[in-house]
Amino acid sequence: MTSINEPAENLFPEPVPKWRIERRVNPKRSWTFAMYALATLFGLFLSALLLLTSGADVFKAYSALLKGAFGSEKALYATMAKATPLILTGLATVVAFRAQVWSIGQEGQVYAGAMGAYLGCLVFIGLPAWLYVCLIILSGMIGGALLGTTAAILKDRFDVNEIISTVMMNYLIVFLLSYLIGGGPWTEVSTTVVYQQTGPIPAASELPYLLGSTKLHLGFILALTAALVCYVLLEKTPLGYEIRAMGFNPIALAYRGTNIGRTIIIVMAVSGAIAGLAGVSEIFGTAHRLRADTLYGLGYTGIIIGMIGGLRPLGTVVAGIVFGGLASGGLYMKLLAQVPDALVPAMQGILLLAFLCAGVAARYKLVRTEKDV
Amino acid sequence: MSTLLKAVNLTKRFPGVIANEDVNFELKPGEVHCLFGENGAGKSTLSSCLFGFYQPEGGHIEFNGKPVAFRSPRDAIHIGIGMVHQHFVLVSEFTVLENIVVGTHEAGWKLQMQEARARVEELCREYEIDLDIDANVRDLAVGQQQWVEMLKALYLDARVLILDEPTAVLTPEESRKLFRIIDHMCELGLSILLISHKMVEVMRSDRVTVLRKGKVVGTVKPSDVTPDELTRMMVGRDVDLRVARDRSDDRDRTEPPVLIVENLVYRDGRGKLALDDVSLAIRKGEILGLAGVSGNGQKELFESLSGVLIPDSGSIILGGEQIKGLPSRHYMDRGVGLVPDDRFREGLIPEFNIRENMILGWQRHDDYTKGPFLDHKQIGTIADGLIDEFQITTPSGLTPVNHLSGGNAQKVILAREFVHSRKLLLANQPTRGLDLGVIEYVYKQIIVKRDEGYAVLLASEELEDLLNLSDRIAVISSGRITGVVDPQSTTIEEIGLLMAGGQQGVAA
Amino acid sequence: MSELFQEAILVSILAGTVRIMTPILFAAIGELVTQRAGIWNMGVEGTMLMGAFTAYIVATATGSIWLAVLASMVVGGLVGLLTAFMTATMRVDHFITGLGINLLVAGLTLYWFRIYIKGRAQPTFDGFENVPIPVLSSIPWLGEILFSQRLLTYVAFAAVPAIWFLLYRTRWGLELRCLGENPKALDIKGLSVTGRQYIAVLIGSVMTGLGGGFLMLGFSDRYLADITAGRGWLAIVAIIAGNWLPRGVLAAVLVFALLESIATHVQVLGLNVPHQIFLAMPYLASILLLMGLRRKSSQPLRLGIPYFR
């Protein structure tokens, strides 16, 4: 047979690669754990390189970080206080992301929650103390839920991508707050300089401290309760079933009678309410006045925490406490090793990407291919 | 020359399964060689190896007597092997011409559409393919898309053409045309590797290689064997797909039909008329077959009848009640069960375990809840009972369904829909991609439901099966019901004509 | 208000619009290439921020703004490499990857910025000057609005037809659009899907980095945290609102820039409303745009869906 397409030279057999990457049918737990451990080490290693760029002594900085986070009873309580809003924003992420609703509105919902609660604290003033605090918490949750629901409605009715709408609302809500406390009706009076904050909240509205002189307040209990509620919701209720099913395959869920739009709205309302709770806890448990800078970044950090916590409530509590430790240890490190505490968010970002890769790696294995022919 | 393309002791594994084991296979110049086997027998894997899409782990491939190792399809294309995939790999937003040209890597960075056009037009003339090459692929009928795939391979100067189940989406007339083209190709010296599970196509090939569970059972000439012998080679045992129809004519014909569909019209998002004035009626204890090439409105019809999609106009009357426009929940509550055609996408949550999938859609039902919580214990008991009843092969009820074979996954859907529905069963391509044993089982279950008095709508691409099972057969083409025939008196030719869009004289 | 004054303000607003368009346009038209190849890069904001930050460091450290521009492109490319690794090689969800990149960059830039200015006053640099085009710039009104701009502004506008040509008139552009619609069609012809996705992500990221660099060098003389302030996100919105077509993207970017330009002129206009309202305009507009424009006919079918064989 004559041929215009003679086989090219390079088509003749060449050594078959000895190693091959293969997808695991059933990822082993130990392997998965090993991958995540490796990711943590890798993250710490890269962070150490970052530390070197600041010229700091890596060992000194890390030990200061660790000591500041978990070194003493007092440090531990401070860590738990720092962890409180982070656990909550992490849980907000878990609820949304488990449904594969990619909301990054936690940041804005924290602000909305704080503003809702502040409004509640102005409106319900004079009620009995326990009722007053309860109503403040409730109005904070409603504030966050309203913002979350807005994004859900935009997605359901107008097919607006939720990532974009939530990002835009994160900006919008900050402008609103900036107006309210920087010249608007909530601006602190009686000062000559405008500080971009409200006056102190009434003492009756503060979330009570849990243990004497520590910074740990009722918010921590709320965060743990929220984690428990999220766990039960996701694993034990029909709604949780729908949320998880929607995350894996919304089409089949819709085919069998579940209203996807309604589920998205519920998910975003729950997620927003939990994130709003973070705002309440931070303002009424720690800052005791409404200002923007104490709330900044809580929502974004919560996304990392939820992801690293494996989108599980318990994992999120653990990750939240670790990250709370980083946040409070970061201050200590800044004092002791002269490292900017901005290292902490950078570390968080590195850890997140490392964990994402580990999540993929856990599903694969390296196999040796046997000898050819 | 005796052999053009040859596989020697080819072995290919996927995690957990051996897809091909020590496969030996020869393709001679100018012959039509059929690869025959059940779903999952390893036909597609073998052809993907021959096309360089997969790299075998053992054995090797020879071309023109010389060993070759394909690193990618590019190498295979380079020496003249072309492949038409079972599931079309077309870009629906591109024109026919763009689909043919993309990735062909001719010289230059600039698109030379004029030269390409001339060559494609010549190919169309040579093979008598009638196609508007400037049309967007998404506007083409499914059958026409097959010609685009053929042109893609021919444009690359293929001398060996691998056709993977090419007639699955063609009407009988289009299939005949395809085989005319195949014959013409052979005259021009091309070799064809035809993958099929249809006996008619197998019998008109020059040689047949039968695969079973990844291994070659044997290579024979169709003239030397009977179809029954071939089937036995393929399955490894005797199969009888002819389920007893038991047409009991004494059934009460005066009772109003369970489902009456009138004048359904639906335009899809792109403005295409997907359902064009569809009217149907199904009685209690009756199987209405729905024949037609996929993509002619079956999906939209099933979605309409299960409330997943709301038609633009028309009426759906179930048990005397107008339910068009209600959400799917209400259809389920009124006893409509649905077996969708894309089971892992539309019927199951692949990551969920079997137990969880058994209650999909019924997760809020009293049987499965205790107060506000899911009653996992009760769910487990009921689901495990169904696993036994439907003979689902699985380590346990806690196994995720994406670890199940297609057949077992389909049984999960059947179990769920059979248990929860009461009146009407909608089954769209319930046997697609399954092996004969499971197909037999699925049909038997459907018969059982019919005998219990369900109304059944059954769509299938396997005309033989429809003729065996149905009490009446409706034929759909381009969203219209082109006719309703009696399987006892009709012929494949009559149905084929209706599938191609020919109207039936008698009103449905 | 005199008529002359009004005219001057109008011209100033429009000239400002063209300048403000520049960084978003670089990012949007570059990311259009990435999205056409099926990669939904949600890390545009981070990539842009990294470009701006790098431009600041290099501009103040070396004093050369052109070196700074180059550096912002290189660093944008590096972030793109990370994005491509995560999305095309590891096949992590595109959205999650983008979020991770944004958070990482926010942390890194803040950290390095603190180190860079530790113990000293924040250094400044001299940014870009206008480069009026001879003859054209002397056309009344139009000359000032269109032809008395920074050099890179002309480049950004030239990039729109260039990218159009690349996408629709070259063999490579056809392949690239094929990736976004059905990558398997290339895979079965033995062409590397991953390799092409890397290139598409790199084109987008380098241009986004450049946009960040221009944002730094064209508008300001010093860096501040979160200087991009959502412009990366606006670029993504512009692509969606522009229905994935170069001219549509250009139009959407124009809307955002016009709103922002008006906001910067509010003080001059002497309107007595909270300035936050005007600052919020582009973000509000982006939501409204996405609500109103629901034509997504040209959205790549496989956009944001990782490709597995």
Side-chain angles (χ1 to χ4, degrees), chain B residues 14 44-45 47-48 51-55 70-79 81-95 97-113 115-116 136-138 145 148-149 152-153 155-156 158 162 164 269-271, chain C residues 32-33 35-38 93 161-197 199-200 203 239 243-246 248 293-309:
Chain B
F14 290 110
S44 290
T45 306
S47 56
S48 289
F51 184 56
F53 198 60
Y54 295 144
Q55 281 71 45
F70 300 138
R71 288 159 307 177
S72 83
R74 225 176 152 177
D75 294 335
I77 291 168
H78 185 81
I79 61 170
I81 300 175
M83 179 158 179
V84 173
H85 294 255
Q86 181 184 4
H87 304 288
F88 297 152
V89 192
L90 296 171
V91 180
S92 57
E93 292 302 307
F94 282 8
T95 64
L97 189 58
E98 285 172 326
N99 265 288
I100 294 168
V101 167
V102 69
T104 49
H105 268 270
E106 285 159 4
W109 52 272
K110 216 167 167 263
L111 280 174
Q112 307 287 359
M113 283 305 199
E115 293 162 31
N136 272 337
V137 164
R138 71 173 139 85
Q145 298 187 11
V148 183
E149 281 287 4
K152 274 170 71 178
Y155 185 81
L156 290 164
I162 305 172
D164 192 354
R270 293 208 152 108
Chain C
L32 176 62
V33 176
Q35 291 208 6
R36 276 296 191 164
D93 186 279
I163 293 291
W164 174 85
F165 186 84
L166 174 80
L167 285 175
Y168 294 98
R169 285 295 177 268
T170 67
R171 187 168 294 285
W172 194 82
L174 186 68
E175 286 174 17
L176 195 143
R177 285 186 290 130
C178 181
L179 283 181
E181 301 288 346
N182 189 353
K184 199 173 179 189
L186 285 188
D187 197 15
I188 57 154
K189 286 186 176 167
L191 303 178
S192 166
V193 171
T194 313
R196 281 169 180 74
Q197 284 176 335
I199 294 171
I203 289 180
I239 295 171
N243 196 16
W244 288 268
L245 302 170
L293 286 174
R294 290 209 275 156
R295 236 165 58 89
K296 294 189 176 176
S297 50
S298 300
Q299 173 170 1
L301 279 176
R302 304 282 303 175
L303 179 57
I305 303 168
Y307 174 66
F308 292 94
R309 251 191 186 184

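Letters A, B, ... mirror the listed sequences (proteins, then strands); counts begin at 1.
Using a 4.5 Å heavy-atom cutoff, the side chains of B:F88 and C:K184 are not in contact. Side chains of B:E93 and C:R177 form no contact here, defined as non-hydrogen atoms less than 4.5 Å apart. Two residues are said to be in side-chain contact when any heavy atoms from C-beta on lie closer than 4.5 Å; B:K110 and C:T170 fail this criterion. At least one side-chain heavy atom of B:L156 sits less than 4.5 Å from a side-chain heavy atom of C:K189.
For a residue to count as touching a neighbouring chain, one of its non-hydrogen atoms must lie under 4.5 Å from one of that chain's; by this rule B:S48 does not touch chain C. Only the side chain of B:F94 comes within contact range of chain C, judged by heavy atoms closer than 4.5 Å.
Atom CG of C:L186 and atom CZ of B:R74 lie 11.0 Å apart (nearest 0.5 Å). Atoms OG1 and CD, on B:T104 and C:E175 in that order, are 8.0 Å from each other to the nearest 0.5 Å. The OG atom of B:S92 sits 8.0 Å away from the CG atom of C:N182 when rounded to the nearest 0.5 Å. Distance check: C:L174 CG to B:N99 CG gives 8.5 Å after rounding to the nearest 0.5 Å.
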- Task: Just do the side-chain contact (heavy atoms from CB on, under 4.5 Å) check on C:R171 and B:V102 with the steps written out, would you?
- Result: CA-CA 7 Å; C:R171 187 168 294 285; B:V102 69; over 6 Å; no
- Message: Could you go through C:Y168 and B:L111, starting from their C-alpha distance and side-chain angles, then the distance that decides it, and tell me whether this counts as side-chain contact (heavy atoms from CB on, under 4.5 Å)?
- Response: CA-CA 9 Å; C:Y168 294 98; B:L111 280 174; over 6 Å; no
- Task: Check the pair C:I188 / B:M83 against side-chain contact (heavy atoms from CB on, under 4.5 Å), numbers first and verdict last.
- Result: CA-CA 9 Å; C:I188 57 154; B:M83 179 158 179; over 6 Å; no
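Residues C:D187 and B:P73 come closest through the heavy atom pair O-CG, 3.6 Å.
More than 12 non-hydrogen atoms from other residues, nucleotides or ligands lie less than 6.0 angstrom from CZ of B:R138.
With sequence neighbours left out, B:D164 forms a side chain to side chain donor-acceptor pair (under 3.5 Å) with B:S44.
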